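First the structure, in the form of structure tokens, and then the observations on it.
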Amino acid sequence: MWITSSLSTAHTPTDIALGNFDGVHLGHQAVIRPVLPIAPSPSQVLAAQNLTAPAALSTLRGYSDRCPFLLDACDFEAATPPAKPPLGAPSPIPTVVTFYPHPQEFFSHQSQPWLTPLEEKAALMKLLGIRQLVLLPYNAELAHLPPEAFVKVVLLDRLKARRISVGADFRFGHQRQGDVRLLQHLGAQQGTQVTVVDLAQKDGDRISSSRIRKALCAGDIDQVQQLMGRPYRLLGRVVQGQQLGRQLGFPTANLQIPSEKFLPRKGVYSAWVYGVPGHAADSGVPAVMNLGVRPTVDGQNQSIEVHLLNWQGDLYGQTLTVALKGFLRPEQRFDSLDHLKAQIQADCAAALALL
């Protein structure tokens, strides 16, 4: 998949799914689906559901000369409108157009945690069939761009959109003045079809990233999986820890994850771990994960520790994916290490029963 933050290096013509897509949840997938030439195959859907770090992230190649982590300014000046495509013109490229950084970060001047940091989001979109990801640098210039100019210059003239898919509540342009009706009107002027996707519902309520975050904060992992269409995952590298778990007879892998990843409620979880040496990429190892400050032995520094059940080996330096299965209990302080050890044994038994 081609990833670029520059309009000058984007491949055209395009069929565009437009939005922020934090989470790439079932509602977002409904917006993406209309720009795919064919519906995702069962194997593609399964691959997205079972996203694992080494297998998926390592396939992201072809960054433009404008690395998405070192964004240059986009050129939003008017461009010559595209000529009518000749016979035999290339097929539109299934493309997601989103904003980087997220508009909320631009206006708040603060970093925000996201359900799917950039690399994870890109990997999911690639597995669904998207062939290009355009990251529009969200800056003062873009924030003040009138909605008409955003559609004409960015989407139609520069990206040569043949089709645009958005959610029914999508807003764009200066002070969010543009809506889907305006987008349809402007698209029709150049023969660009605009598909407006109804907001996806689950149990009588809208599927949204904010609803997923609320469920994560409550430890409702079942609801999170139903809304996202896959387990919630933490992807990170195993780094050196204090090895306190090893001293208790339960060695753990200390996971370092991207700082912008949204973390669920503190506590103990059952989980499947992918990327373990000696196991296939899609073969998970049952595990118990603790997220918190370890009040019995530390009480200050937050950590993510994973104990693999019925497995032994060296994980230092490995990149692992932890797919959460269930919330076992909140984090708590114990009177002694013996009481802590007994509780860990109980946690392991509970996790095996769930998994």
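Along the sequence shown, residues carry numbers from 1. In this text, all values refer to a predicted model and were calculated from it rather than measured experimentally.
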Quiz prompt | Non-neighbouring partners of S259 that pass side chain to side chain donor-acceptor pair (under 3.5 Å), sequence neighbours left out | solution = none
Quiz prompt | With Q345 via side chain to side chain donor-acceptor pair (under 3.5 Å) - residues at least two apart | solution = none
Quiz prompt | Residue pair P286 / W272, side-chain heavy-atom distance below 4.5 Å | solution = yes
Exercise. Output all residues satisfying side chain to side chain donor-acceptor pair (under 3.5 Å) with T95, sequence neighbours left out; order by chain, then residue number.
Key: Q132
Quiz item: Of L291, L315, T252, V273, which is the lone residue that meets side chain to side chain contact (heavy atoms under 4.5 Å, CB included) with V306?
Solution: V273
Quiz item: Can you check whether R213 reaches L115 side chain to side chain, under 4.5 Å on heavy atoms?
Solution: yes
Self-check item: With sequence neighbours excluded, residues passing side-chain contact (heavy atoms from CB on, under 4.5 Å) with Q343
Solution: R329, F334, A346, D347
Self-check item: Inter-residue atom distance T98.OG1 - M125.CE, 0.5 Å rounding
Solution: 6.5 Å
Quiz item: What's the spacing between L235 CG and E120 CD if we round to 0.5 Å?
Solution: 5.0 Å
Quiz item: Do F170 and S165 have side chains that get closer than 4.5 Å, going by heavy atoms?
Solution: no
Quiz item: Near K325 NZ, under 6.0 Å, is it more than 12 heavy atoms from other residues, nucleotides or ligands?
Solution: no
Quiz prompt | Note, I257 side chain near L263 side chain (heavy atom, < 4.5 Å) | solution = yes
Quiz item: Is any side-chain heavy atom of L36 closer than 4.5 Å to a side-chain heavy atom of I130?
Solution: yes
Exercise. Check whether any side-chain heavy atom of S8 lies under 4.5 Å from a side-chain heavy atom of R158, and answer yes or no.
Key: yes
Practice problem: For atom NZ of K261, decide whether the heavy atoms of other residues, nucleotides or ligands shown that lie under 6.0 angstrom number more than 12. | Solution: yes
Practice problem: Decide yes or no for V35 and I16: does some side-chain heavy atom of the first lie under 4.5 Å from some side-chain heavy atom of the second? | Solution: no
Self-check item: Nearest heavy atoms of P37 and P94, plus distance in Å
Solution: CD-CG, 3.5 Å
Quiz item: Residues in side-chain contact (heavy atoms from CB on, under 4.5 Å) with D314, at least two apart?
Solution: Y316
Quiz prompt | Pairs meeting criterion salt bridge (charged side-chain N to carboxylate O under 4.0 Å, His left out) with involvement of residues 2-11, two or more places apart | solution = none
Practice problem: Determine whether L18 and I93 fall in the same hydrophobic cluster, where Ile, Leu, Val, Met, Phe, Trp and Tyr are linked whenever their side-chain heavy atoms lie under 4.5 Å apart. | Solution: no
Quiz prompt | Nearest heavy atoms of P34 and A30, plus distance in Å | solution = CD-O, 3.1 Å
Exercise. Return the set of residues passing side-chain contact (heavy atoms from CB on, under 4.5 Å) with P92 (not counting sequence neighbours), or none when no residue passes.
Key: D15, R162
Quiz item: Is the backbone of K341 close enough, under 3.5 Å, to the side chain of D338 for a donor and an acceptor to pair up by distance?
Solution: no
Practice problem: To the nearest 0.5 angstrom, please state how far the OG atom of S209 sits from the CG atom of D22. | Solution: 4.5 Å
Practice problem: Search all heavy atoms of V180 against all heavy atoms of A168 and return the closest pair with its distance. | Solution: CG1-O, 3.8 Å
Exercise. Drop me the distance from L26's CG to I212's CD1, to the nearest 0.5 angstrom.
Key: 8.0 Å
Quiz prompt | F99 and Y138 aromatic ring geometry - parallel, tilted or perpendicular at 30°/60° bounds | solution = perpendicular
Quiz item: Checking Q177 side chain against P147 main chain: does a donor-acceptor pair fall under 3.5 Å?
Solution: no
Self-check item: Donor-acceptor under 3.5 Å (T321 side chain, Y274 main chain)
Solution: no
Exercise. Return the minimal non-hydrogen interatomic distance between L234 and L255, and the atom names on each side.
Key: O-CD2, 4.1 Å
Quiz item: Do the side chains of I221 and L216 get nearer than 4.5 Å, heavy atoms only?
Solution: yes
Self-check item: By side-chain contact (heavy atoms from CB on, under 4.5 Å) - contacts of A353 (at least two apart)
Solution: none
Exercise. Please report the closest heavy-atom contact between A287 and L308, naming both atoms and the distance.
Key: CB-CA, 4.1 Å
Quiz item: Partners of Q223 by side chain to side chain donor-acceptor pair (under 3.5 Å), sequence neighbours excluded?
Solution: R211, D220
Practice problem: Sequence neighbours left out, what pairs pass ring pair (Phe, Tyr, Trp, His ring centres under 6.0 Å) with at least one residue falling in residues 176-234? | Solution: none
Quiz item: Distance-only, no hydrogens or angles: does the S270 side chain make a donor-acceptor pair with backbone N or O of G326 under 3.5 Å?
Solution: yes
Practice problem: Give, for atom CG of L135 and atom OG of S6, the distance between the pair rounded to the nearest 0.5 Å. | Solution: 11.0 Å
Self-check item: S108 side chain vs Q110 backbone, donor-acceptor pair below 3.5 Å
Solution: yes
Practice problem: Report the relative orientation of the aromatic rings in F106 and H109; use parallel for angles under 30°, tilted for 30 to 60°, perpendicular for over 60°. | Solution: tilted
Self-check item: Atom CD of Q112: over 12 foreign heavy atoms under 6.0 Å
Solution: yes
Quiz item: Does NE2 belonging to H174 count more than 12 external heavy atoms closer than 6.0 Å?
Solution: yes
Practice problem: Considering only Ile, Leu, Val, Met, Phe, Trp and Tyr, and joining two whenever side-chain heavy atoms are under 4.5 Å apart, list the other residues clustered with L328. | Solution: V268, V288, L309, L352, L354
Practice problem: Might you work through the side chain to side chain contact (heavy atoms under 4.5 Å, CB included) test for F21 and T116, ending with a clear yes or no? | Solution: CA-CA 9 Å; F21 300 115; T116 48; over 6 Å; no
Practice problem: For W114, enumerate each residue passing the ring-ring contact (aromatic ring centres under 6.0 Å, His included) test, keeping only those at least two apart in sequence or located in another chain. | Solution: H102
Quiz item: Which value, rounded to the nearest 0.5 Å, describes the distance between M228 atom CE and K202 atom NZ?
Solution: 14.5 Å
